[in-house]
Amino acid sequence: MIAPIERTLAGLRQQTALWRKEDETIGVVPTMGALHQGHLSLARAARDKCDRVIVTIFVNPKQFNDPDDLKNYPRTEEEDARKLESIGVDLIYVPEPDQIYPDGFATTVSVSGLTDMLCGESRPGHFDGVATVVSKLFIQTSADYAFFGEKDYQQLQIVRRMALDLDLAVDVVGCPTIREEDGLAMSSRILLLSDRARIHAPVLAEVMEEMREKLQGGASMADILPDATARIMAAGFNDVDYLELRDGGDLSLLDKAKPDARLFAAAWLAGVRLIDNIAV
């Protein structure tokens, strides 16, 4: 059975109030739609842990720097609902824009430090948009648990920091990255790649795996970065935004591997920005 779709905050709160009355725990999976197996794995994790599961679908205009990127972002609501059918999601929240940003909305949630690097450096204001909409969704759904994929690891750390700093009563759960058979990290943006470009996309993950082996063997980023970047570009990528080793906690920059280090990458292929990260 396809879960009911709710588009208003009033309707959402009416439903969650009934669940609260029964002392049922609520898990939320915030998404922008165009669901893939990565999203579905988050919904399954929520189903396993919580009495009730809400998947939200909202293409958040405040986290897009490029109007064309917002316009072209895939929107597949009916298909998304069908994909969630087998998981047993209790409610799909697809708010109208005015349910998130009503007339006169003037508040921005900003997390300093963690947003100044990686994707935050090349996408100014992006994580302010993420933190603002996620804080709204946490409050609107009154969720006990929220599930995010480690593919967007910087986002995960920012959301954790935001929830902690604002005393939001939600436990932010990180879930493993789900990959295609060829190793490419699953992403809604993959739908925007041409068949030809899609063939070359896995090179990003392949190069990162090779870098991990070298870093674990004692190499430094200074030693291996030039060749790794050249290999990505030679595979047909247009640009490498970043390819960096950072601490998995505070995201501080590293040159050599240490416990909890992670390798982060973002690169452009045929006009599509792909990101990935792996533990080192």
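In what follows, every heavy atom counts, from backbone to side chain, and hydrogens, waters and symmetry copies are set aside.
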Return yes if some donor-acceptor pair links the side-chain N/O of [X] with the main-chain N/O of [Y] below 3.5 Å, else return no.
X	Y	value
Ser142	Ile139	no
Gln216	Val280	yes
Arg47	Gly88	yes
Glu24	Cys50	no
His39	His36	yes
Ser41	Gly38	yes

Taking every non-hydrogen atom, the tightest pair across [X] and [Y]:
X	Y	value
Cys175	Ala45	SG-CB, 4.0 Å
Thr31	Gly33	OG1-N, 3.0 Å
Ala185	Ile190	O-CD1, 3.5 Å
Gly249	Gln157	O-NE2, 3.3 Å
Ala265	Leu204	CB-CD1, 4.0 Å
Val170	Ala163	CG1-CB, 4.2 Å

Ion pair check, [X] and [Y], cut-off under 4.0 Å:
X	Y	result
Glu209	Arg212	yes
Arg52	Asp144	no
Asp165	Arg161	yes
Glu150	Arg262	yes
Arg75	Asp80	no

For residues 58-69, which residue pairs pass the salt bridge (Lys or Arg N to Asp or Glu O under 4.0 Å) check, not counting sequence neighbours?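 Every pair satisfying salt bridge (Lys or Arg N to Asp or Glu O under 4.0 Å) with a residue in residues 58-69: Asp69-Arg189.
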Going through the checks in order, is the side chain to side chain contact (heavy atoms under 4.5 Å, CB included) test met by Phe127 and Ser110? CA-CA 7 Å; Phe127 286 119; Ser110 181; over 6 Å; no
With sequence neighbours excluded, tell me which residues meet side-chain hydrogen bond (donor to acceptor under 3.5 Å, both in side chains) with Asp182.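 By the side-chain hydrogen bond (donor to acceptor under 3.5 Å, both in side chains) rule, Asp182 matches Arg198.
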About how many Å separate CZ of Phe264 and CD1 of Ile275, when rounded to the nearest 0.5 Å?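 Result: 9.5 Å between the selected atoms.
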Distance in Å, Phe148 CZ paired with Leu156 CG, rounded so as to fall on 0.5 Å steps: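 Answer for the CZ-CG pair, Phe148 versus Leu156, is 8.0 Å.
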Hey, can you pull the donor-acceptor pairs under 3.5 Å for the side chains in residues 221-229, sequence neighbours left out?
unit_1	atom_1	unit_2	atom_2	d
Asp223	OD1	Ser220	OG	3.4
Asp223	OD2	Ser220	N	3.3
Asp223	OD2	Ser220	OG	2.9
Thr229	OG1	Leu225	O	3.0

Verify same cluster id: [X], [Y] (apolar side-chain graph, 4.5 Å):
X	Y	value
Leu118	Met208	no
Leu70	Val134	no
Leu251	Leu254	no
Val203	Ile278	yes
Val59	Val133	no

Under the salt bridge (Lys or Arg N to Asp or Glu O under 4.0 Å) test, which residues partner [X], sequence neighbours left out?
X	answer
Lys258	Asp247
Arg231	Glu210
Lys214	none

Output a table of donor-acceptor pairs, distance under 3.5 Å, between side-chain atoms of residues 11-18 and any protein atom two or more places apart or on a different chain; print 'none' if there are none.
unit_1	atom_1	unit_2	atom_2	d
Thr16	OG1	Leu12	O	3.3
Thr16	OG1	Arg13	O	3.3

[Y] and [X] side chains, donor-acceptor separation under 3.5 Å:
X	Y	value
Thr8	Glu6	yes
Asp276	Tyr153	no
Thr108	Asp128	no

Co-members of Leu84 in a cluster of I, L, V, M, F, W and Y side chains, linked at under 4.5 Å: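 When side chains under 4.5 Å apart are linked, the cluster holding Leu84 also contains Ile5, Val29, Leu35, Leu40, Leu42, Val53, Val55, Ile57, Ile87, Val89, Ile92, Val94, Tyr145, Phe147, Val173.
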All side-chain contact (heavy atoms from CB on, under 4.5 Å) counterparts of His126, not counting sequence neighbours: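 In terms of side-chain contact (heavy atoms from CB on, under 4.5 Å), with neighbours along the sequence ignored, His126 is linked to Gln63, Asn65, Arg123, Val130.
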Pairing residues for Asp239 by the side-chain contact (heavy atoms from CB on, under 4.5 Å) criterion, not counting sequence neighbours: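 Scan of Asp239 (side-chain contact (heavy atoms from CB on, under 4.5 Å), adjacent residues dropped) gives Asp241, Trp268.
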For Phe64, check ring-ring contact (aromatic ring centres under 6.0 Å, His included) against everything at least two apart and list the hits.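 ring-ring contact (aromatic ring centres under 6.0 Å, His included) check on Phe64 returns Tyr73.
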Got a sec, which residues hit ring-ring contact (aromatic ring centres under 6.0 Å, His included) with Phe138, two or more places apart in sequence or on another chain?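 Expected list: none.
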One pair to check against side chain to side chain contact (heavy atoms under 4.5 Å, CB included): Arg246 and Gln154. What are the steps and the verdict? CA-CA 11 Å; Arg246 290 187 174 266; Gln154 183 180 16; over 6 Å; no
Mark yes or no: Arg7 above the aromatic ring of Tyr93, with NZ or CZ under 6.0 Å from the six-membered ring centre and no more than 45 degrees from the axis.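 Arg7 over Tyr93 ring: no.
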